[in-house]
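First comes the structure, then the notes that go with it.
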Protein chains: 2
Amino acid sequence: MTAAEQLRNEQADFVAGVAGELTGFLTARQSVMSGISPDIEPIMGSISNLVTGGKRLRALMCYWGWRGAGGEAGAGQVVTAGAALELFQAAALIHDDIIDRSDTRRGGPSVHRRFSQLHTSQGWALDSERFGQAAAILAGDLCLSFSEEAFTDIGERAASGSRARLIFNLMRAEVMAGQYLDILEEVAGPVRDRAGAVGRAQSIIRFKSAKYSTEHPLALGGALAGATNDLLRGYSAFALPLGEAFQLRDDVLGVFGDPLTTGKPAGDDLREGKRTVLVALALDQASPEESAFIDASLGSPDLSDADILEIRRIIEDSGALQATEVLISEFGAAAFEALDGLELEDLPKTALRRLAEATVSRAS
Amino acid sequence: MTAAEQLRNEQADFVAGVAGELTGFLTARQSVMSGISPDIEPIMGSISNLVTGGKRLRALMCYWGWRGAGGEAGAGQVVTAGAALELFQAAALIHDDIIDRSDTRRGGPSVHRRFSQLHTSQGWALDSERFGQAAAILAGDLCLSFSEEAFTDIGERAASGSRARLIFNLMRAEVMAGQYLDILEEVAGPVRDRAGAVGRAQSIIRFKSAKYSTEHPLALGGALAGATNDLLRGYSAFALPLGEAFQLRDDVLGVFGDPLTTGKPAGDDLREGKRTVLVALALDQASPEESAFIDASLGSPDLSDADILEIRRIIEDSGALQATEVLISEFGAAAFEALDGLELEDLPKTALRRLAEATVSRAS
């Protein structure tokens, strides 16, 4: 078996292990829920459906962080940690889609839309949209509780006061804080000083995404395997810029991405009013008229395709797209340089490099 | 010191201990949050504000469950458990108020209203109501995570697989399931078989309220102190009917309560469309015309005061109010009878009786 095959096999085993753990976990909860009422089924179904898909980026970061710190291949603890991270991500997506008014997720309806559709198809009374939101708030709460149950199941290494527990707690608090800063900037951005906008947008992606998507999961895996503080610092130097590149790429895709590949409507971020680094750079560098047009358009759910094309043009002509691509390259380069400097065995190092490459160059 | 004084002092010490624990806990998180951005302050403030008030019913149930099972007075573990329950309750209230469109909580604005008002007062862009909801979803998520952090801080007795952990997990899942059944009945009730409506309403109060407000907290305290299975069964026989009486009283107050005492507008439950046991009994026992009037009115946010008076009249004249009061008495009697049968020391037994009396006869 070549080293590349070994890596592929081990990673596939882990991904299959996480999927099996999630299925077992949710099947056990399903039987408790059926005892309450068969009516709960759509809530459980919406959670199962969400944790079935996705790139498993966070779980994989956790796995290779574990392996890099000397953890045993395929050990149960890291599989459970991966499942907990996937459940947390599902909970975050359910609530995020309500907050961002996103009707689609991975090419299908988002959870609140699923429940609105259920309401309509069943001919229920009152407002289908409100019912969809309310059901999705509860589905997200349940999924958030499940992620915690799974995390506790790791056992002693995730007990109160352990390093892994502290990382998990910090990860949760930071991503929620970052999401709040994100929605705050959508509404407060237009009346705040424009000079600080790029810096605020960079802080938002650090907390709502970079730390959460790459830095904390990698550190979590390392901590579970008993990594030294030196190694954890090295992990951060790699994963934080990687996560920033990841989110900047996401921001570019949110404006310029192909709906067929992203599973999201074109220009979705603009309709949602996201004030990303890309947008903040454009507001800073475009003409006053163009900036005013962007300012007036952001967050308007009925932006036309022509409006979106015009904003895309401004973002390109102002140099903001190019500047963002430069940032992505710089963060990516910093991440790869830090990775090269890490003292890891070949297998986890190669795995992290592959993961990083896929993260920075992705198209969806 | 008389026995009554001893009880009062011990209970006051515990309540003060929980308040102190909550303050310490939130102060520590506040300093992490300030490091991210001072803009997070209103989120932390909304959580602090909510955990400052309230009756502490769940924390007290937990405490006397602990003491009844031989736990030491004022021990740190049960204080931490009380704080975790209060944080969970705050999280549930924040999301519940979004779901129920409740603008007030304990006489002040609910969390989503606070953020809508902040939006308006700051002159921010886009929609203040949407911002309020989004911020409150995130505040509730953060508070839910905090409750889990606090619960884990109890240590080994709340570790994975422990009885206390299983109770806490079940409590969370059941209350979320019960809330979903509650909102489902609001929309599906009008098109479902009327014959089953009272039974469905009784199942909803069991899961969303009775188990959560009294049964599980009492069992949790008992489990932490190492209660026998016999004692836990006895606790359930007392606390489950008590919780059902508690919620039925809440339902009566939601229609007939004095806004000055409840801190909620008169008839709030009717505007929210709650299909409580009280309402289900009225729909079953009123004339077809009166039932149709209630069916058409429930869930309409702009019900007039005259409409509410008319629904009150129907509920009274149909005998539904009287029947509900009988149920409250029966559940209360069953609870007190079970309590009498419990082999407990005088102090916890008297404390639980006082707590039960206050719960069944409360006016707010």
Side-chain angles (χ1 to χ4, degrees), chain A residues 29 32-33 36-37 39-40 43 91-92 95 98-99 101 119 122-126 128 130-131 133-135 137-142 144-146 148-149 152-156 158-161 165 169-170 172-174 176-181 183-184 186-191 203 207 273 299, chain B residues 29 32-33 36-37 39-40 43 91-92 95 98-99 101 119 122-126 128 130-131 133-135 137-142 144-146 148-149 152-156 158-161 165 169-170 172-174 176-181 183-184 186-191 203 207 273 299:
Chain A
R29 270 72 190 169
V32 175
M33 290 295 174
I36 300 175
S37 162
D39 289 335
I40 317 287
I43 294 276
H95 283 180
I98 306 173
I99 291 171
R101 294 178 283 184
H119 181 283
Q122 299 290 315
W124 288 337
L126 304 176
S128 66
R130 286 207 69 94
F131 175 74
Q133 285 185 7
I137 289 174
L138 294 169
D141 286 349
L142 189 63
L144 185 56
S145 302
F146 284 166
E148 175 53 45
E149 288 188 30
T152 305
D153 284 345
I154 295 171
E156 212 172 312
S160 176
R165 165 70 59 182
N169 287 348
L170 188 63
R172 280 194 299 213
E174 284 188 342
M176 289 161 186
Q179 287 180 299
Y180 176 70
L181 294 178
I183 60 163
L184 180 66
E186 285 175 22
V187 297
V191 299
S203 172
F207 289 103
Chain B
R29 268 73 189 169
V32 174
M33 290 295 174
I36 299 176
S37 163
D39 288 335
I40 317 286
I43 294 276
H95 283 180
I98 306 173
I99 290 170
R101 293 177 283 185
H119 180 283
Q122 299 290 314
W124 288 337
L126 305 177
S128 66
R130 285 206 71 93
F131 175 73
Q133 285 186 8
I137 289 174
L138 294 170
D141 287 347
L142 190 62
L144 185 55
S145 302
F146 284 165
E148 174 54 45
E149 288 188 31
T152 304
D153 284 346
I154 294 170
E156 213 172 313
S160 175
R165 165 70 60 180
N169 287 348
L170 187 62
R172 280 195 298 212
E174 284 187 342
M176 289 163 187
Q179 286 180 300
Y180 176 70
L181 294 178
I183 60 162
L184 180 66
E186 285 175 22
V187 298
V191 299
S203 172
F207 288 103

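A, B, ... follow the sequence lines: proteins, then strands. Residue 1 opens every chain.
- Put simply, of B:Leu142, B:Val191, B:Asp39, the one with the most heavy-atom pairs under 4.5 Å next to chain A is B:Asp39.
- The CZ atom of B:Phe146 lies 9.0 Å from the CE atom of A:Met176; values are rounded to the nearest 0.5 Å.
- Scanning all heavy atoms of the two residues, the minimum distance from B:Ala134 to A:Ile99 falls at CB-CG2, 3.8 Å.
- Only the side chain of B:Leu170 comes within contact range of chain A, with at least one heavy atom under 4.5 Å from a heavy atom of that chain.
- Looking at heavy atoms from C-beta onward, A:Leu138 lies in side-chain contact with B:Ile183 at the 4.5 angstrom threshold.
- The part of A:Phe207 that comes within reach of chain B is its side chain, from C-beta onward, which places non-hydrogen atoms under 4.5 angstrom from that chain.
- Here the side chains of A:Ser145 and B:Leu144 are in contact, with some heavy-atom distance below 4.5 Å.
- Between chain A and the options B:Gln179, B:Glu149, B:His119, B:Glu174, heavy-atom pairs under 4.5 Å are most frequent for B:Glu149.
- Within the 4.5 angstrom heavy-atom criterion, no atom of A:Arg29 approaches chain B.
- B:Thr152 places a side-chain heavy atom less than 4.5 Å from the side chain of A:Glu148.
- Side chains of B:His95 and A:His95 form a contact here, defined as non-hydrogen atoms less than 4.5 Å apart.
- Put simply, of B:Arg165, B:Glu186, B:Glu156, the one with the most heavy-atom pairs under 4.5 Å next to chain A is B:Arg165.
- In this structure, chain B has a heavy atom under 4.5 Å from the side chain of A:Ile43, while its backbone stays farther away.
- A:Ser160 and B:Asp153 make their closest contact through OG-OD1, 3.2 Å (heavy atoms, listed as atom of the first residue, atom of the second, distance).
- The shortest non-hydrogen separation linking B:Val187 to A:Trp124 is O-CB, 3.5 Å.
- Proximity of B:Ile36 to A:Leu181: side-chain heavy atoms (C-beta onward) are separated by under 4.5 Å at one or more points.
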